[in-house]
Amino acid sequence: MSDVSLAPVGLIVLPLIAAAVALAAGVARERTGWAIAVATLLAEGGLAAWLANAVYRGRGEILHELGDYGRPEEFAVGIELVADELSAIVVLLIVVVSLGVLAVARSTGPRGNAFFGAFLLLNGGLMGVVLTGDVFNLFVFLEIVGLATYALVASDRRPDAAVAALKYLIVGTTGASLYLLGVGYLFMATGTLNMADLAAALAGNAAFVDGPLYTNTLVVAGFAFIAVGLFVKAAIYPLHAWQPDAYAEAPDAVTAYISALVSTAGAYAFARIAFDVFTPAFFEAVPAAAWAVVTLASVSVVAGSTLAVTQTRIKRVFAYSSVSQFGLVVAAVGIAVHPAASPDAARLAIVGAVVHLIGHGVIKGGLFVAAAGLARTAGARTLDELSGLGREAPFQSGAMAVLALSLVGVPPTVGFLGKFYIALGAVEAGIWPVAAVILLSTVLTLAYAARFLERLYFTPRSAAPSAGADAAAGVAADGGENTAADGGDAGVDAVEQDVADAPGASLGLKLALVGAALLAVVLGFAGVEFADALEPFVTEVVR
Amino acid sequence: MVEQSLRPLAAVLVSAVAIALIVASYRHPNVRDSWSVAAAVAKFGIVASMVPGVLGGESYRAPALAFAPIPGSDVTLTLALEADALGVLFALLASLLWIFTSFYAVGYMRGLDEHAQTRFFASFAASLSAAVGIAFAANLVTIFLFYELLSVATYPLVAHDEDGEARAAGRKYLTYTFFGGGVLVLAGTVLVFVLADTTTFGATAQALGNADPTLAKAAFALLAAGFGVKAGLMPLHSWLPDAMVAPTPVSGLLHAVAVVKSGVFGIARLVLEVYSPAVVADLGVGIYLAAVAAFTLLVSSLIALRQDHLKRRLAYSTVSQLSYIVLGLALLGPTAIKGGLLHIPAHAFMKLTLFFCAGFIHVETHTDYISEMDGIGKRMPLTMAAFAVAAAGMAGIPLVAGFVSKWFLLIGAVEVEQTIFALALLVSGVLNIAYFWPIVYGAFFESPGEADSKPLLEGPIGGRFGAAAAGTSGGPAVATDGVGNGADGSDESASTSDDSGSPSTGTYAVDRNPSDHLSPEEQERRRREAAEAAEAEATAEDESHDDTDHHDVVHDDHGHGGTTGDWEAIGWTGKEGSWLMLGPILAVAAGAVVLGVVPYQAVFLHLIEEIVAGVAF
Amino acid sequence: MTLIDLLATRYAYVLFALLVGTGLYMVVSSPNLVKKVIGLNLFQTGLFLFFIASAYVEGGSTAVIHGEGGGPYVSPLPQVLVLTAIVVGVALTAVALALIVRIYSEYGTLREDVLREVRADE
């Protein structure tokens, strides 16, 4: 049987090829996009399961050198793909969320092979971000992710979406370029782009360096640029401004997808570079870096929640909520590498960061799917329009309620598990202000999450503003038939036709939604599995 | 000895299973409600089956669930349930009273033809599940989990009415309980774990005693405050009076028995098992907790005096009585702790009776305000008799439950040489009489037309100087509902014109008779303003009452005399209303008496002696 | 190192800083959307210049082995990086311009402040 080290290659290449196939097939026959996407993702699921099995049940880190150039003088020449415990779990998340979103996109649209081509491209890019072992390759894949996302945000051809996508493009490209600049500085300082080699060079272990380079101006500046660039991608305050517009104006299925995965990829990249390239040793040599990270993250937690409370449109509430939640993840990363953190604290913080990263992906994706479902069922786009839907759409509302409570951090859901570990790490490390912010985030999140519960269940339906006009706007966001491949006219007709009737949520959507809610609760009990799975990675980082 | 058993888990899960059954049978009200009763009986049965073993010193442990392994070490935080004497005390109380409350709730909800009954009963079952989970939690992580689930499960009950007031009360409730639980208790749990490497009850005391005192004190404060939110310690108590918008079965069982007692229970676990009284005494934090408790019990009694809404008065009374328990625990002496713990069941029985009576009165006569309850003893004799018995117990009259626990508390305070707390308890007892006696007296010995005035309710804070209002035979100026009291009407204007010196409306005498140094126009203007203000006061719904919410009283004659005449006289035969409600009232009142007469044989005191015997002083 | 020395020897880096600064300034302050994209390109071009300049080796030869010995070889890696980054930049510019075309056809303006007004009116 083939070598499992081909699995990372397959995971990246397969969706990229499938994207091209989808576009090509679109010339011959429309409407084949969904089937191609599902087939690809099922194949990816198989590869991911194979990879995860290998990583967690025996071999540990899986390494694949592209082009097989070898390592002359212990120095990687080509690009390496690395699948370790952290990558494998994010790969699984990507596959699961992709399949869920496909179930939703079948009915909500957009349709058309061009959309699914971009979708698969994004999928491939995400896999690339997660599996690469080279910092420049990371930049390329981040840009692929970005490009595909800009296209997807604008994919329903609404002008508002185009503006949001352009804003995202400009800010995102600036961020990625800053990341590139950081990579350039590191390259100048060490001469290598491979993550493992960079770590060795920075630590002073390579033959061509004498002594650790942590306090080298180039290296510190490089870290600063890389951090800022990745914070733009992960939407940390105050670099988050692109996110609310992009999430709100994108088609519903797209929002669910990008909220669960794109910022997750950005946060993953930051975690990877902080843990494996710079390592806690760097932060010990440059404590200011660690303090800057935790401070900015804590501000993000508070600011994101505060801004979320003021919003009236559902998708914007969730968008700001993401700012806050990623603040938690970055804070956990910061605590894990902080010089004041004992090894115990660092370990707890790493586990917390990963659990919350995964958990948030599931929860936020589920919440946006719920928003999509309720928009289709009752035309509800703002909080006021949710009034009384607890009775009209019981399963969707119930799932949304469970996911909202999970976001707040009610045990025993996964939202609590992640936060718990992070709080344990912060208190163990003795970084009291950050610990206080993490603990208070429960109440801050409650401030905007409880409004959903209140609206759905305890406000009579009559309190909703007339849903008619908004149903039209809600349906229009779906776009239906509009993608680049089709002519524009068919799209306009379809939208006008859909105005009259709210379509209702499909079975696929409901299944995906309930599945997300169940997963959020089940993962809450999976603390043992998370900790065991991550243990090799944790011991390697916290040496 | 620890016995492995599934019974603690079964006790928690039996009502969780009932949730599904209740929701499934939403179309058949009788089936649905009988699931509630069945679950209550089953839960009580399971808990009661553990009592003999626990009295013999055993405890029952259910298999633990590994929840959060600590990477890099062998320690794993688990979710564990263990039924020991303290846990069984709370669980027994909650499950027993749930049986009565189920019947009562059925009668209440049907009597008012309430909406969303399925959601109501399902949430109730969930709340009891969480409450028993709190009782049997074997470590801080588990108690935290059920604490949060209790907040979530009781929220639908608080916001049940779905109007603006209920939603506002719900929001406040969620904010307070999630702040208390999600922030403070979690912070304390995390800190305890960091200091002691475990959160299991009973295993942390030594490590906490040896740890850095600042951190240990901080952890104690965090946990005490976190549990104190639900236990109604001031100033974190204000969610409780607002939560009275919930239907009365909720106010009764949850906000007098399950939810608030879970807060007190948390403090009991904190003092007795997380820290142990010896360590608390070493750290010197007990005195602060006792001071807060004493403050709470005095101030909330004072506030209760001014409440006209019966349920709000009972709410403040609850806040006060809960602090008896906390005070007993904080005094750290064996007798004081005994008294505090005994007050848990004692207060539960008495307060539940009182709430049941209030709810019954609401259902049968739509009366919520004390000022309208004069003479209601004629209409609802058995109810008011039960009320009187329970009120007597609250004040500490012998033969009813409250006396025994108070006795222990007083002796306990003297025993640890903190006599000032005994004094506080005595003052509170007097205040209890002050706010319960008028209700009982008014119900039995007065009638609507000729009731005495209630200066505590009507008068401004700080009292009134000068001649009392002329013709005070008129009814309280409060009930200005425009219905126009025959005999009172003429007196009303007289009394309001005498109602000088209310600062909020500016009708000082100096305004009604402005000084000569002012210009004539100015004098005229002031005179006019004063007259308008006085008028506004007479016609407006009472705003001079700070804490009493102004009520719009919709009278429909349910045999309601109120201000339109006397109450219909019903004999002592139980015809005053549905037996679904009257039965539980009488049963729980009888329970309060039994607990007062034979506390030891009634199991609870025996359990408590078992608990205290196992504590390290 | 005096300014003259800086300009004489490390002029490429000075230029890089200027380009990056100008590009960012254009992105931030220019009201015209196309000019923002131009600024973005300028910013990226500055980065490319940085990579190339940092890889310059005085007297070096291309990384092709002629068989005659050859002096110090210039590392081909930065050039490859820049090529890749240029391609990425081109793709991004293409998408940005496509979006701008869409915006223009819908709103009839390329100015961001006018755009905000028009959108607020909707």
Side-chain angles (χ1 to χ4, degrees), chain A residues 343-348 350-351 355 388 390-391 401 405 408-412 416-417 419-421 423-430 432 435-436 438-443 445-447 449-451 453-455 457-460 463 524-532 534-535 537-539 542, chain B residues 23 65-73 75-79 115-116 119 141-142 144-149 151-152 155-156 158-164 166-168 170-171 173-195 197 215 218-219 222:
Chain A
D344 285 331
R347 281 186 217 114
L348 287 164
I350 296 176
V351 174
V355 172
R391 218 153 265 159
L405 287 174
V408 171
V410 174
F416 168 68
L417 190 64
K419 215 179 268 194
F420 185 52
Y421 271 115
L424 271 174
V427 172
E428 178 90 44
W432 306 116
I438 293 169
L439 289 163
L440 282 169
S441 72
T442 308
V443 174
T445 313
L446 183 72
R451 295 160 77 202
L453 294 174
E454 199 183 278
R455 286 278 159 196
Y457 291 107
F458 300 106
T459 317
F525 286 103
V528 178
E529 282 74 24
F530 273 116
D532 284 344
L534 288 170
E535 205 216 311
F537 174 71
V538 169
T539 31
V542 185
Chain B
V23 171
L65 179 68
F67 182 67
I70 306 299
S73 79
V75 180
T76 300
L77 289 166
T78 60
L79 297 176
H115 63 286
R119 179 178 76 196
V141 176
T142 317
F144 170 73
L145 183 143
F146 283 111
Y147 207 69
E148 292 290 89
L149 287 177
S151 303
V152 172
Y155 169 68
V158 173
H160 175 89
D161 279 349
E162 290 185 21
D163 61 11
R167 283 198 292 275
R171 253 175 272 146
Y173 182 70
L174 273 184
T175 311
Y176 272 81
T177 51
F178 268 83
F179 180 70
V183 177
L184 294 174
V185 173
L186 183 60
T189 305
V190 167
L191 196 50
V192 165
F193 177 75
V194 164
L195 293 173
D197 268 341
L215 289 178
L222 286 168

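Chain letters run A, B, ... following the sequence lines, proteins first, then strands; residues in each count from 1.
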Measuring centre to centre across the rings, with the benzene-like ring taken for any Trp, is Tyr155(B) within less than 6.0 Å of Tyr457(A)? no
Okay, Val183(B) and chain A: the region with an atom under 4.5 Å from a heavy atom over there is both
Where on Leu79(B) is there a heavy atom nearer than 4.5 Å to chain A: the side chain, the backbone, both, or neither? side chain
Contact origin within Leu184(B) toward chain A - heavy atom pairs under 4.5 Å: neither
Check whether Arg167(B) reaches the backbone of Glu162(B) with its side chain - one donor and one acceptor, N or O, closer than 3.5 Å. yes
Any His160(B) side-chain heavy atom under 4.5 Å of Arg119(B) side chain: yes
Part of Val528(A) within contact of chain B (heavy atom distance under 4.5 Å): both
Would you say that Leu145(B) contacts Phe416(A) through its side chain, given a criterion of any heavy-atom pair below 4.5 Å between the two side chains? no
Relative to chain B, which segment of Leu417(A) carries a heavy atom at a distance below 4.5 Å: side chain, backbone, both, or neither? side chain
Check whether Phe193(B) gets within reach of chain A through its side chain, its backbone, both or neither, counting any heavy atom under 4.5 Å. side chain
With only heavy atoms counted, which part of Arg391(A) is less than 4.5 Å from chain B, the side chain, the backbone, both or neither? side chain
Do you know which of Val410(A), Val408(A), Ile438(A) has the most heavy-atom pairs with chain B at a distance under 4.5 angstrom? Val410(A)
Part of Val355(A) lying under 4.5 Å from any heavy atom of chain B: neither
Go through the atoms of Leu348(A) and report whether side chain, backbone, both or neither lie under 4.5 Å from a heavy atom of chain B. both
State, with a plain yes or no, whether a side-chain heavy atom of Phe537(A) is found less than 4.5 Å away from one of Ile350(A). yes
Tell me whether the rings of Phe420(A) and Phe67(B) are parallel (<30°), tilted (30 to 60°) or perpendicular (>60°). tilted
Non-hydrogen atoms of chain B under 4.5 Å away: do they reach the side chain of Glu454(A), the backbone, both or neither? both
Report the distance from atom OG1 of Thr175(B) to atom CZ of Arg171(B), rounding to the nearest 0.5 Å. 8.5 Å
